[in-house]
Amino acid sequence: MCGEPIPDAHQHVVDLESHAMMCTCRPCYLLFTDATAHMRYRSVPDRYLSFPDFDLGLGQWDELEIPVGLAFFFRSSKLDRTVAFYPGPAGATESELPLAAWDGVLARNPALGLAAPDTEALLIRGPGPGRPAADCHLVPVDACYELVGRLRRLWKAFDGGQEARDELTAFFDRIARRSVPAPADPASEASGSAVSNRASGRTSGTGGVR
């Protein structure tokens, strides 16, 4: 975005038109932190929330028609709707999200409305063997692409293989340690569009598993 060298530990902005991530230096990152400004780019915040009371049964997960056991969801301001992506050997693949099924998930979990459009995603791991309940975290959207990139490098066969499953477990363990519980009442939480001023030490990759 400018001529300033970018260190290994850096932050990102989202292109609101294409959803592409762009690495930035700190000054450029700060230019796009105002969520109310009408600009092409938006800074990715550094907020991690967990939802201890997340309610999503196996039947509801199946209704979302995600072919693997993991997906991330975010609101696209350009499309004015929620979009869903899941990992695979080709990277992040968009799913045709059944809107009625997703509206049902939001109705049962109103705290999910905390996610800021374009820059924050709901990362959901569906129920699976030995894990009757689904996991859900609100994370920076670049963390989702980082996970997709990690899984892509390890992916084998249709379901990802054991190495990919181990990487997924380790990733969820890391974000669980970093997350704080979301408030039961979304109105009590400051707007998710307010970007954290903490420098992120994260770099992202680009780019069945349960």
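Along the sequence shown, residues carry numbers from 1.
Scanning all heavy atoms of the two residues, the minimum distance from P181 to S50 falls at CA-OG, 3.5 Å. In this structure, A164 and L151 approach most closely via the heavy-atom pair O-CD2, 3.3 Å. When every heavy atom of A111 is checked against every heavy atom of P183, the shortest pair comes out as CB-O, 3.7 Å. W61 approaches L70 most closely through the heavy-atom pair CZ2-N, 3.7 Å. For the residue pair S76 and D118, the shortest heavy atom distance occurs at CA-OD1, 3.5 Å.
Linking ILVMFWY side-chain heavy atoms closer than 4.5 Å, directly or via other members, places V180 and I124 in a single hydrophobic cluster. If you chain together hydrophobic residues whose side chains sit under 4.5 Å apart, F85 and L79 fall into the same group. Put simply, L154 and F171 are part of two different groups of oily side chains (I, L, V, M, F, W, Y) that touch within less than 4.5 Å, one to the next. With hydrophobic clusters built from ILVMFWY side chains whose heavy atoms lie under 4.5 angstrom apart, L16 shares a cluster with M21. There is no path of hydrophobic side-chain contacts, each under 4.5 Å, that joins I6 to V44.
Remark: E17 does not engage R40 in a salt bridge, criterion side-chain N to carboxylate O under 4.0 Å. The pair R42-D34 fails the salt-bridge criterion, with no side-chain N (NZ, NE, NH1 or NH2) lying under 4.0 Å from an Asp/Glu carboxylate O. With salt bridges taken as basic N to acidic carboxylate O contacts below 4.0 Å, none links R81 and E96.
With hydrogens and angles ignored, the 3.5 Å screen pairs no side-chain donor or acceptor of T33 with any backbone N or O of Y29. Formation of a donor-acceptor pair under 3.5 Å by the D15 side chain with backbone atoms of A20 is not found in this model. Using a distance-only test at 3.5 Å, with no hydrogens or angles considered, a donor-acceptor pair links the side chain of W155 to the main chain of A157. Proximity of a side-chain donor or acceptor of R75 to a complementary backbone N or O of D80 within less than 3.5 Å is detected.
Aromatic ring pairs are classed by plane angle as parallel below 30°, tilted from 30° to 60° and perpendicular above 60°; the pair F172 and H137 is perpendicular. Note on ring orientation: taking the six-membered ring where Trp is involved, the planes of F73 and W102 are parallel (angle under 30°, cut-offs 30° and 60°). Ring geometry for H19 against F74 counts as perpendicular: the plane angle is over 60°, on a 0 to 90° scale with 30° as the lower cut. Between H10 and H12, the two ring planes are perpendicular [angle over 60°; tilted spans 30° to 60°].
Within a 6.0 Å sphere centred on CD of E94, heavy atoms belonging to other residues, nucleotides or ligands number more than 12.
Not a single side chain to side chain donor-acceptor pair (under 3.5 Å) links S95 to another residue, sequence neighbours left out.
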